[in-house]
Amino acid sequence: MSLSARQIHEAALAMGAMFRVGLKRLPDQGEIMRLMRRTVDRRTGEVTQASLRCLARIVVQSDEFRRMYEHRTGISVSSDADLKQRLCEDLVVAAQLPENRAGIMPFRLCYPESASPDDDRAYALWFLSALQTETGGSLKKSCRSRVSFDVHMTVGSDDIEAARLTLNSFFRQEDVNWTLHVAASAEVFGRLNTDPDQRRIRRTTKRLEGQATYVAFIEPGDRLADGALARIVTALEARPETILLFTDEDRIDRTGDHVGACLKPGWSEDQLLASDTLGQLCIFSRRRVQDVAEELDGVEESRELPPTSACWLYALKLAVVEGRKPGQIVHLPSVLFHRFRNDADDVFLQSHFRRLAEKHLARHRPDVVLTEAALVPGKTESLRVRYPLPSTVPLVSIIIPTKDRPDFLQTCLRGLLEETDYPRLEIIVVDNGSVRSDMLALLEDLSRHPIVSILRQEGTFNWARLNNQAAALGRGDVLLLLNDDVRILHPGWLDEMVRQSLRPGVGIVGARLLYPDGTLQHAGVMLSRDGATHLQRGAKAGDIGYLNALICQRDLSAVTGACLMIRREVFDQVGGIDESFAVSCNDIDLCLRAGAAGWRVVWTPHATLTHVDGGTRGRDVSPAQILKHWQETARLVGRWKEWMERDFPLNPSLQVTDDALLLRFPCRSEDMT
């Protein structure tokens, strides 16, 4: 018998309570797996009194229970059948008491190290555990709110049963001002409409009928989570400038399990150009939709596109966000929507989305084009948003701190001077006290190159100070901070970074970095109250990542200083790099100061280099080095606490470890004891 997530949840909760009462501890993962089917009744598939008695007998007959009981009472339990029976009955009763079940998270019991959000089985259990701890999920909002919704749905004769699921989810949206407009034949509408007051469900023939302040478009079978509209109302009242709001979503399979989790990052326009990353439920400002309605004429009638509302809706999203400020697009990070279809897997539909994106760019930004780019030759292709360059490209000042690693420096310089296509660059090598004769000879040779200069700086290593001093000498309008332990992999990498850096509002650009074995070293930095962590470090070069995070250029809060491009005006505006962060966290602090000044930080996978990572200085392994790292991390978190706790590219339901992206536990660890 295959168990659903709900059955596993109830069984793990029962086991947790039974062990907590009987053995004064929670079961480990092995015990959970071994006892799961004994805790669920084979006939009913439920946790029953009989299955609880079976579990209680296993606990009471264990050596662990016997030792604890005899130590506490001095009474032998081994040969007393009546005593065992009474203890079993007491355990069954105690395991069902709310106080003994409180704080037990079945997801944590079954997945003590957590699990990937791509794991449907794990996510289904995580969702139930998160729902168990959620507060405010049934939030009600007074109808006196000025926020109202017109929601549009087209229903055919084959969609009636699915549409009823949708209607039932709307009837649970209490105390919110909504109207559902149904495009359907009179017969279908008559069979569908079960609205008790006959006012909230209306038959319509117009796509934008109604006068509500916000509009949305859904399909039969789509469902809102309980209290979803009330949560959305609260968010819109707090951000009245919003023109588009999107939420997290999943699907509900035939067994009732929640699967296909889309726990989305915050807004980034490049991701929408690459595909419809916003999902089905989007709440649009009616005024903004009316402003762009003319652009959408003919989208569904086009012979080049399939007759589906998905194309029209994608075109609407592109039009609504075009030219708007990022703060006007709001991500509400909560699973408030359960989609019926999974368009993300529809390759045919994705090709039409690309055609719509190309037409949109041709209308609004004809100098921006979409192209295919192979991130791994012959394997992984990514849709690249290719931005323009001016006829006269800016001078790039490349700053390379180094010390006594002629092998690294020589490889790096060869790549810059012989394997990079960009036509205007100068290189400033900052030598931090090299003493090796071969290194000194290399520096002497390099000093005679027309675009290479050597800046010698003695003293203890301070990455921030070395870069600041070199930046003061650079003549370029764009600075590139580059480690000496990188190797160039393709000639267009610098061209791509400059293209990104010249985009309006972009202040800092980061690159995709690989380890020498081809695995991923840097695809952006995620922030949390614990510090900064690279996203999915060690992933295979061909991995696309969760929701395509490893192959799509996008906005982030921070990127690594191993290869970081920054506009000169931004560098000067924020006062350069903070030299109090001598070794670590200086690059993250620089990015956050640029972000606080209103500049965007962008990561692109289309500039890829190899990075040894720690090749120049070595790794921080001594006690003094480790202490220094954590001191600087603590100071970074102290300075940017609020920003780091709410890092917009990282969904709050997710956590980043040194090598994985995982579901965040829906409770604190102290609640599990």
Side-chain angles (χ1 to χ4, degrees), residues 265-274 277 323 326 357 361 364-375 382-399 416 420-425 476-482 486 488-514 522-525 535 548-571 573-574 587 590-592 594-595 597-609 611 648-649:
W267 165 246
S268 180
E269 65 170 339
D270 283 342
Q271 291 175 285
L272 183 61
L273 288 170
T277 54
L361 289 173
H364 291 278
R365 290 177 277 168
D367 54 353
V368 179
V369 297
L370 295 180
T371 63
E372 292 285 347
L375 298 184
S382 171
L383 196 61
R384 175 188 177 190
V385 185
R386 189 171 183 267
Y387 290 92
L389 280 175
S391 55
T392 302
V393 297
L395 175 67
V396 178
S397 297
I398 302 178
I399 300 170
L416 292 172
T420 297
D421 281 347
Y422 193 79
R424 295 191 66 205
L425 54 89
D477 292 328
V478 178
L479 305 175
L480 178 70
L481 314 183
L482 190 67
V486 301
I488 308 308
L489 295 181
H490 62 100
W493 70 279
L494 188 55
D495 176 278
E496 164 67 5
M497 295 190 75
V498 173
R499 289 176 185 274
Q500 295 284 350
S501 72
L502 297 184
R503 294 167 57 188
V506 172
I508 291 178
V509 179
R512 175 173 172 258
L513 303 179
L514 306 178
H522 175 256
V525 176
L535 177 64
N548 294 327
L550 303 183
I551 62 172
C552 288
Q553 56 199 53
R554 66 196 190 282
D555 288 58
L556 297 173
S557 292
V559 293
T560 181
C563 182
L564 183 153
M565 180 170 284
I566 182 169
R567 293 195 197 193
R568 165 77 67 175
E569 62 178 303
V570 178
F571 191 86
Q573 179 183 348
V574 302
D587 48 358
L590 176 65
C591 291
L592 292 177
W599 295 94
R600 293 166 57 193
V601 177
V602 171
W603 175 82
T604 174
H606 306 297
T608 300
L609 304 90
H611 180 215
F648 78 93

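The first residue in the sequence is number 1, and the count goes up from there. Not measured: the values here are computed from a predicted model.
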Side chain to side chain, [X] and [Y], heavy atoms closer than 4.5 Å:
X: Leu556; Y: Leu535; answer: no
X: Leu479; Y: Arg568; answer: yes
X: Val525; Y: Ser557; answer: no
X: Thr277; Y: Asn548; answer: no
X: Asp555; Y: Pro649; answer: no
X: Val385; Y: Leu370; answer: yes
X: Glu496; Y: His490; answer: no
X: Tyr387; Y: Leu502; answer: no

Criterion salt bridge (charged side-chain N to carboxylate O under 4.0 Å, His left out) on Arg600 and Glu269, from CA distance to verdict
CA-CA 12 Å; Arg600 293 166 57 193; Glu269 65 170 339; 3.5 Å; yes

Applying salt bridge (Lys or Arg N to Asp or Glu O under 4.0 Å), can you list everything that pairs with [X], at least two apart in sequence or on another chain?
X: Arg567; value: Glu569
X: Asp495; value: Arg499
X: Arg554; value: none

Would you mind telling me which of Leu425, Val498, Ile566, Leu494 makes a side-chain contact (heavy atoms from CB on, under 4.5 Å) with Leu480?
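Output: one option passes, namely Leu494.
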
If every non-hydrogen atom of [X] is compared with every non-hydrogen atom of [Y], which pair is closest and at what distance?
X: Leu481; Y: Leu590; result: CD1-CD2, 4.4 Å
X: Val570; Y: Gly507; result: CG2-CA, 3.9 Å
X: Ala562; Y: Leu513; result: CB-CD1, 3.9 Å
X: Arg424; Y: Thr392; result: NH1-CG2, 4.2 Å
X: Asp367; Y: Pro388; result: OD2-CG, 3.3 Å
X: Phe648; Y: Trp267; result: CE1-O, 3.9 Å

Atom pair [atom1]/[atom2] of [X] and [Y] - distance to nearest 0.5 Å:
X: Arg384; Y: Asp270; atom1: CZ; atom2: CG; value: 11.5 Å
X: Ser501; Y: Ile508; atom1: OG; atom2: CD1; value: 11.0 Å
X: Ser397; Y: Leu482; atom1: OG; atom2: CG; value: 13.0 Å
X: His606; Y: Met497; atom1: NE2; atom2: CE; value: 13.0 Å
X: Leu375; Y: Glu372; atom1: CG; atom2: CD; value: 10.0 Å
X: Thr560; Y: Trp603; atom1: OG1; atom2: CH2; value: 13.0 Å

Indicate yes or no for a side-chain donor-acceptor contact from His522 to the backbone of Ala511 under 3.5 Å, with no hydrogens or angles considered.
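Present.
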
Stepwise, does the side-chain contact (heavy atoms from CB on, under 4.5 Å) test hold for Val396 with Met565?
CA-CA 9 Å; Val396 178; Met565 180 170 284; 4.2 Å; yes

